[in-house]
Amino acid sequence: MEYTQLGRTGLKVSRLVLGTMNFGPQTDEADSHTIMDAALDAGINFFDTANVYGWGENKGRTESIIGNWFAKGGGRRDRTVIATKVYGNMAADGEGAWPNHDKLSALNIRRAVDASLKRLQTDHIDLYQFHHVDRNTPFEEIWQAIDVLVQQGKVLYAGSSNFPGYKIAQANETAARRGGTIGLVSEQCLYNLAERRAEMEVIPAAQDYGLGVIPWSPLHGGLLGGIIKKEVQGGRRASGRAADTLNDPTARAQIQAYEDLLDKHGLEPGETALAWLLTRPGVTGPIVGPRTAEQLESALRAVDLELGEEVLTALDEIFPGPGPSPEAFAW
């Protein structure tokens, strides 16, 4: 496994991030523990979760599964950099949020971090991420709350998720004015070969402010994992957003060209999509969310996969990026 610094911090993290969103809804607790053990054995030390994972009636379940794994001992907690998130309503689906029980008020941050610590069975969170922008809470209040948590030893670093570039700038300029606050150290965003809009402003902002970029959905909901070939071979069929995309003839042709290119070079689609992200400036590591141990093994192979210039150029031709801002829309 390769390691890198998380943004401008001294924290060393693996170049693959273990995503845990499937733990509970898709993968039972025993298999989730097996996957986490395998990830740690492979050198993955960076695990990502969120307080709402578990979904529906079981929000918080994923953190509890991780907490039970930590409780097994064997150095599991000490060897893991755990990242979780705050923002969402923790009430069961269909129930309205009680006032101050969601988003990023100082009150909810305080309540949410204590609840996450209890579920995770740990005394601190290494990276506490704001899951979405809260337009109603000023960053002065957010940083005041985080400063208290850092002083208490409950949180070490703060990061953002799904932030636009200007909010990354606002957050860290506010932190700089306050003094003594390190500000955001990472941004978790939607970024992959098929969805490159983050290259316009989010990733440049992250780089300028020293944030590590953590892409989520690196296979774009399965579209970049060889989905057409799997359909032809009678395997798993596309569903949801992936199915809708393949119903568009232009998009389907694009995915087919991608699969044909990789077939020509003897490359696996999912591994290639991950390896491509590892070549991108500013990227700390993509989040892989395996449902099985076999899927984790496939993701691990991407770290050692070197893509030649011919392949990289062809990928850019199939999935052209938007270009930098403002050239992409103004020049």
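The pair K167-D134 does not count as a salt bridge, with every side-chain nitrogen at least 4.0 angstrom from each carboxylate oxygen. Using a cutoff of 4.0 Å between basic side-chain nitrogens and carboxylate oxygens, D31 and R291 are not scored as salt-bridged. E259 and K229 are not joined by a salt bridge, as no carboxylate oxygen comes within less than 4.0 angstrom of a charged side-chain nitrogen. Taking the charged nitrogens against the carboxylate oxygens, R177 and E140 do have a contact shorter than 4.0 Å, which makes a salt bridge.
At a cut-off of 3.5 Å, with distance as the only test, no side-chain donor of T80 or N45 sits close to an acceptor on the other residue. Checking E95 against N89 by side-chain atom types alone, no donor-acceptor pair falls below 3.5 Å. For the residue pair S325 / E201, a side-chain donor-acceptor distance below 3.5 Å is found, with atom types taken as modelled. Residues N162 and Q188 have side chains that never bring a donor and an acceptor to within less than 3.5 angstrom of each other. Side-chain contact of N68 with Q121: a donor-acceptor pair under 3.5 Å is present, judged by distance alone.
Applying the ring-ring contact (aromatic ring centres under 6.0 Å, His included) criterion to Y128, with sequence neighbours excluded, gives no partner residue. In this view, T34 satisfies the side-chain hydrogen bond (donor to acceptor under 3.5 Å, both in side chains) rule with no residue, not counting sequence neighbours.
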Worked check of salt bridge (charged side-chain N to carboxylate O under 4.0 Å, His left out) between R77 and D123: CA-CA 10 Å; R77 177 64 187 98; D123 63 353; 5.7 Å; no
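Checking each of L107, I109, V113 against R111 for a side chain to side chain contact (heavy atoms under 4.5 Å, CB included) leaves exactly one that passes, namely L107.
Under the 4.5 Å side-chain criterion, counting only non-hydrogen atoms from C-beta, N100 is not in contact with N108.
Using cut-offs of 30° and 60° on the angle between ring planes, the pair F130 and F163 is parallel.
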